[in-house]
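Predicted model only: the values in this text are computed from it and were never measured.
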Amino acid sequence: MSAIESVVENYVASWNETDPARRRAALSASCAADARYRDPVMTGDGLAGLDAMLAGVQAKFPGFVLKRISGIDHHNGAVRFSWSLGPAAGPSVVEGVDFVLLSGDGRFASVVGFIDKMPA
């Protein structure tokens, strides 16, 4: 697994980790301390803000899992991948694409998510 694949997989794992200490560890492995997240429905700033955002998603959608559903494209400090969110054993409810800027150490500095499929 390449370094960028490892960072992306840790990031995806952080969305699914319900144990707060393990979720924070996955975030620390994948995101810079001052990382920012933006999508049409939520935002998070810094590791504490990202952790709170993910805890909120898990509370709102218990049992849902985030899955990477595409390859990982990357060049010049930027990354793109598609994802789905839904029940572990069922069809996705939400799908989208994340565009990421990397920090100097290769972790996520900024994530901008676009939602392609969402319930009405």
### Task
Just grab all the salt bridge (charged side-chain N to carboxylate O under 4.0 Å, His left out) pairs involving residues 11-28, residues at least two apart or on different chains.
Glu17-Arg22, Arg23-Asp51, Arg24-Asp51
### Query
With distance as the sole test, does Ser70 use its side chain to make a donor-acceptor pair with the main-chain N or O of Ser82 at under 3.5 Å?
yes
Would you list the atom pairs, donor with acceptor, under 3.5 Å between side chains in residues 91-102 and any protein atom, with sequence neighbours excluded?
residue	atom	partner	partner atom	Å
Ser92	OG	Glu95	OE2	2.6
Ser92	OG	Lys117	NZ	3.2
Asp98	OD1	Trp83	NE1	3.0

#### Entry: Which residues share a salt bridge (charged side-chain N to carboxylate O under 4.0 Å, His left out) with Asp105, sequence neighbours left out
Arg107
### Heavy-atom side-chain contact between Ser84 and Leu66 under 4.5 Å
no
#### Entry: Joint hydrophobic cluster, Met42 plus Leu50, side-chain heavy atoms closer than 4.5 Å
yes
### Task
Kindly give the heavy-atom pair with the smallest separation between Leu47 and Ser28, and that separation in Å.
CD1-OG, 3.7 Å
Going by atom type alone, with no hydrogens or angles, which donor-acceptor pairs under 3.5 Å involve a side-chain atom of residues 6-13 and a protein atom two or more places apart or on another chain?
residue	atom	partner	partner atom	Å
Glu9	OE2	Arg68	NE	2.9
Glu9	OE2	Arg68	NH2	2.8
Asn10	ND2	Ser6	O	3.2
Tyr11	OH	Trp15	NE1	3.2

### Query
What pairs meet the ring pair (Phe, Tyr, Trp, His ring centres under 6.0 Å) rule with one or both residues in residues 38-70, with sequence neighbours excluded?
Phe61-Phe64
### Message
Are Met118 and Phe81 connected into the same hydrophobic cluster when the rule is that any two of I, L, V, M, F, W, Y join if their side-chain heavy atoms are below 4.5 Å apart?
### Response
yes
### Query
About how many Å separate NE2 of His74 and CD of Glu5, when rounded to the nearest 0.5 Å?
7.0 Å
### Task
Check Ile72 against Val79 and note the closest heavy-atom contact, atom names and distance.
CG2-CG1, 3.7 Å
### Path from Met53 to Val112 over hydrophobic side-chain contacts below 4.5 Å
no
Hey, can you pull the donor-acceptor pairs under 3.5 Å for the side chains in residues 31-38, sequence neighbours left out?
residue	atom	partner	partner atom	Å
Tyr37	OH	Asp39	OD2	2.8
Arg38	NH1	Gly44	O	3.3
Arg38	NH1	Asp45	OD1	3.2
Arg38	NH2	Asp45	OD1	2.9
Arg38	NH2	Asp45	OD2	3.4

### Task
Only counting residues at least two apart or in another chain, list the ones meeting side-chain contact (heavy atoms from CB on, under 4.5 Å) with Ala59.
none
### Query
In terms of hydrophobic clusters joined by side-chain contacts under 4.5 Å, are Leu54 and Ile115 together?
yes
### Message
Under the salt bridge (charged side-chain N to carboxylate O under 4.0 Å, His left out) definition, can you give me all pairs with a residue in residues 80-93, not counting sequence neighbours?
### Response
Asp73-Arg80
